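Keep in mind that this is a model prediction, so the values were computed, not measured.
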Amino acid sequence: MDIRQLALLDVIVQLKSFKKAAEQCFVSTSTLTRQIAAMEREVGFPIFERSAFGVTLTDKGEAFYRQTLAIPQIYESAVNRARSVGCSRRLVRISIFSYTRKYVTRACEALKGENEGIDYSFISCRLRECGSALLNHRADIAPLAEIQDADERLSVLPVLRCRNSVVVSDAHPFAERESVRTEELDGQTILLSARTAESKNFRAVKRLLEERCPHSAFLEYQHPDQADALCQINGYPILSLSFLEPNEGFRQVSLADAPSVLIGAACRKEDAKEDWPLMERFREYFRHSGDFDRLGEGGVIL
């Protein structure tokens, strides 16, 4: 079994069709079928089951597939690291999301003079996905929330303590406010992200709102675009982290009496010798750059 076979496996899972996967990979269907049959003989169990509705993973195939997802990224990272040995330049991949996009890229540009042997590339992902991006070797450095619960395989440097907030449209009565108290949201319909329900911070703030806003309704949204649309059309506030930047036409209002969240920079422990000094330089840059003045009392550089 090799990396190419795993790539074929992923395409079949995504398209749910051997024929479509073969067309996308520019191979014949029979060739693709033989590759998967060889893989199934090697692992000793059927990976796919076929029906009139397409191709789906078996239970064992599902478990196998999920464990293989990180392998191509680990392989690519290993190759890049090996190629950099003895070279004068090193590539550092940094995960970025909404609010951090312009500030992290600005910091990298500012630090180029100090780290002339480093090139940067940027991996876009959501804040909750940053830890897995590191562990899957998609990124080398990433921002991380709730760092006290970080995976033990990561080294984490505290950077910023940040208040929770609600995001509102420009037309909302709270749009001109810098902060509100949770009880002021009572009677409002509040949008909550279904995808962050496992976050300790999310659960703590939701409990606080449920206690202090007995007349409020809580709606879950699956995607930020859905929340944006509901906010614009109905004027609903969106529960968020202050560290997340809303789209144009929206404003952030900090929750004055809600708990704050500790944001950090993280890298893999096995790479900390190389990456930790760079993370410390990023923290020093943000400490003196004034980039986070817009957070006011909501954000404190550590």
Discussion item. How long is the straight-line distance from CG of N164 back to CD of Q252, given to the nearest 0.5 Å?
Written reply: 11.0 Å

Item to complete: Mind jotting down which residue pairs meet the salt bridge (charged side-chain N to carboxylate O under 4.0 Å, His left out) criterion with at least one end in residues 9-38? Sequence neighbours excluded, please.
Response: none

Discussion item. Which heavy atom of L9 sits nearest to which heavy atom of M39, and what is that distance?
Written reply: CD2-SD, 4.3 Å

Item to complete: Looking only at non-hydrogen atoms, find the nearest pair between A139 and L134 and report the distance.
Response: O-CD2, 3.5 Å

Fill in: Under the ring pair (Phe, Tyr, Trp, His ring centres under 6.0 Å) test, residues paired with F174 that sit two or more places apart
H172

Worksheet item: When clusters are formed by joining ILVMFWY residues with side-chain heavy atoms under 4.5 Å apart, either directly or through shared neighbours, do L219 and F250 land in the same one?
Response: yes

Worksheet item: Taking C-beta and beyond as the side chain, do F122 and T105 meet within less than 4.5 Å on heavy atoms?
Response: yes

Worksheet item: Does A38 offer a backbone N or O that forms a donor-acceptor pair with the side chain of E42 under 3.5 Å?
Response: no

Worksheet item: Mind checking whether L191 and L208 sit in one hydrophobic cluster, side chains of I, L, V, M, F, W, Y counted as touching below 4.5 Å?
Response: no

Response to the item:
Nearest heavy-atom approach of C130 to P143 is CB-O, 3.1 Å

Practice prompt. With sequence neighbours left out, write down each residue that passes side-chain hydrogen bond (donor to acceptor under 3.5 Å, both in side chains) with Q232, or none if nothing qualifies.
Written response: none

Worksheet, complete the sentence: Taken in chain and number order and not counting sequence neighbours, the residues that satisfy side chain to side chain contact (heavy atoms under 4.5 Å, CB included) with S124 are I96, R101

Worksheet, complete the sentence: The single option from L157, D275, V159 that satisfies side-chain contact (heavy atoms from CB on, under 4.5 Å) with E280 is L157

Worksheet entry | Within-4.5 Å side-chain heavy-atom neighbours: I238 and D228 | yes

Worksheet entry | Side chains of F64 and L57 in contact at under 4.5 Å (non-hydrogen atoms) | no

Item to complete: Let me see the working for L154 and K269 under side chain to side chain contact (heavy atoms under 4.5 Å, CB included), right down to the final yes or no.
Response: CA-CA 5 Å; L154 301 178; K269 279 187 175 177; 5.7 Å; no

Item to complete: Begin with the C-alpha distance, continue with both residues' side-chain angles, and end with the deciding distance and a verdict on side chain to side chain contact (heavy atoms under 4.5 Å, CB included) for R207 and R203.
Response: CA-CA 6 Å; R207 281 196 300 270; R203 293 199 300 269; 3.9 Å; yes

Worksheet item: Just by modelled atom types, is the H137 backbone N or O under 3.5 Å from a matching donor or acceptor in the R93 side chain?
Response: yes

Worksheet item: So if you build clusters from Ile, Leu, Val, Met, Phe, Trp, Tyr with side-chain heavy-atom gaps below 4.5 Å, do I123 and L135 land together?
Response: no

Worksheet item: Is it true that F282 and W276 fall in one hydrophobic cluster, defined by side-chain heavy atoms closer than 4.5 Å?
Response: yes

Item to complete: Drop me the distance from R281's CZ to C108's SG, to the nearest 0.5 angstrom.
Response: 12.0 Å

Practice prompt. Identify, with sequence neighbours excluded, every residue that meets side chain to side chain contact (heavy atoms under 4.5 Å, CB included) alongside A175.
Written response: V168, R251

Fill in: ring pair (Phe, Tyr, Trp, His ring centres under 6.0 Å) involving F48 - partner list, sequence neighbours excluded
F18

Practice prompt. Report the distance from atom CD1 of I190 to atom CZ of F218, rounding to the nearest 0.5 Å.
Written response: 4.5 Å

Worksheet item: Does anything in residues 62-72 pair up under salt bridge (charged side-chain N to carboxylate O under 4.0 Å, His left out), and if so which pairs, sequence neighbours excluded?
Response: E62-R66

Discussion item. Please give me the minimum heavy-atom distance between D186 and P214, naming the atom from each residue.
Written reply: OD1-N, 3.2 Å

Item to complete: List in chain and number order the residues that pass side-chain hydrogen bond (donor to acceptor under 3.5 Å, both in side chains) with S28, two or more places apart in sequence or in another chain; answer none if no residue qualifies.
Response: S30, T31

Practice prompt. Considering only NZ, NE, NH1 and NH2 on the basic side and carboxylate oxygens on the acidic side, decide whether E270 and R153 come within less than 4.0 Å.
Written response: no

Fill in: Student check: side-chain heavy atoms of T29 and L32 closer than 4.5 Å
no

Response to the item:
Residues joined to L15 in its hydrophobic cluster, side chain to side chain under 4.5 Å directly or through other members, sorted by chain and number, are V11

Worksheet, complete the sentence: Rounded to the nearest 0.5 angstrom, the CD1-CD distance for I12 and Q35 is 9.5 Å

Worksheet item: For I118 and L278, what are the C-alpha separation, side-chain angles and deciding distance, and is it a side chain to side chain contact (heavy atoms under 4.5 Å, CB included)?
Response: CA-CA 10 Å; I118 296 178; L278 185 57; 4.3 Å; yes

Worksheet item: Can you tell me how far the NZ atom of K60 sits from the CZ atom of F45, to the nearest 0.5 Å?
Response: 7.0 Å

Item to complete: Only counting residues at least two apart or in another chain, list the ones meeting side chain to side chain contact (heavy atoms under 4.5 Å, CB included) with I147.
Response: L144, V156, P158, L262

Fill in: Residue list, side-chain hydrogen bond (donor to acceptor under 3.5 Å, both in side chains) with T182, at least two apart or on another chain
R212, D257

Practice prompt. Mind running side chain to side chain contact (heavy atoms under 4.5 Å, CB included) on L239 and L255 for me, showing each step along the way?
Written response: CA-CA 10 Å; L239 182 63; L255 285 171; 4.0 Å; yes

Item to complete: Please confirm whether the backbone N or O of R106 pairs with a side-chain atom of E109, one donor and one acceptor, at under 3.5 Å?
Response: no

Discussion item. Going by side chain to side chain contact (heavy atoms under 4.5 Å, CB included), name the residues that satisfy it together with P46, two or more places apart in sequence or in a different chain.
Written reply: E40, T58

Worksheet entry | Nearest atoms (heavy-atom pairs only) where A272 meets P277 | O-CD, 3.9 Å

Item to complete: Measure from the side-chain N and O atoms of S155 to the backbone N and O of A266, and report whether any donor-acceptor pair falls under 3.5 Å.
Response: no

Worksheet item: Is the shortest heavy-atom distance from the side chain of V92 to the side chain of I141 under 4.5 Å?
Response: yes

Discussion item. Please find the pair of heavy atoms, one from L185 and one from L209, that lie closest to each other, and give the distance.
Written reply: CD1-CD2, 3.8 Å

Discussion item. Does atom CD (E178) have a neighbourhood of more than 12 heavy atoms from anything else shown, all under 6.0 Å?
Written reply: no

Worksheet item: How far does CD1 of I94 sit from SG of C267, to the nearest 0.5 angstrom?
Response: 11.5 Å

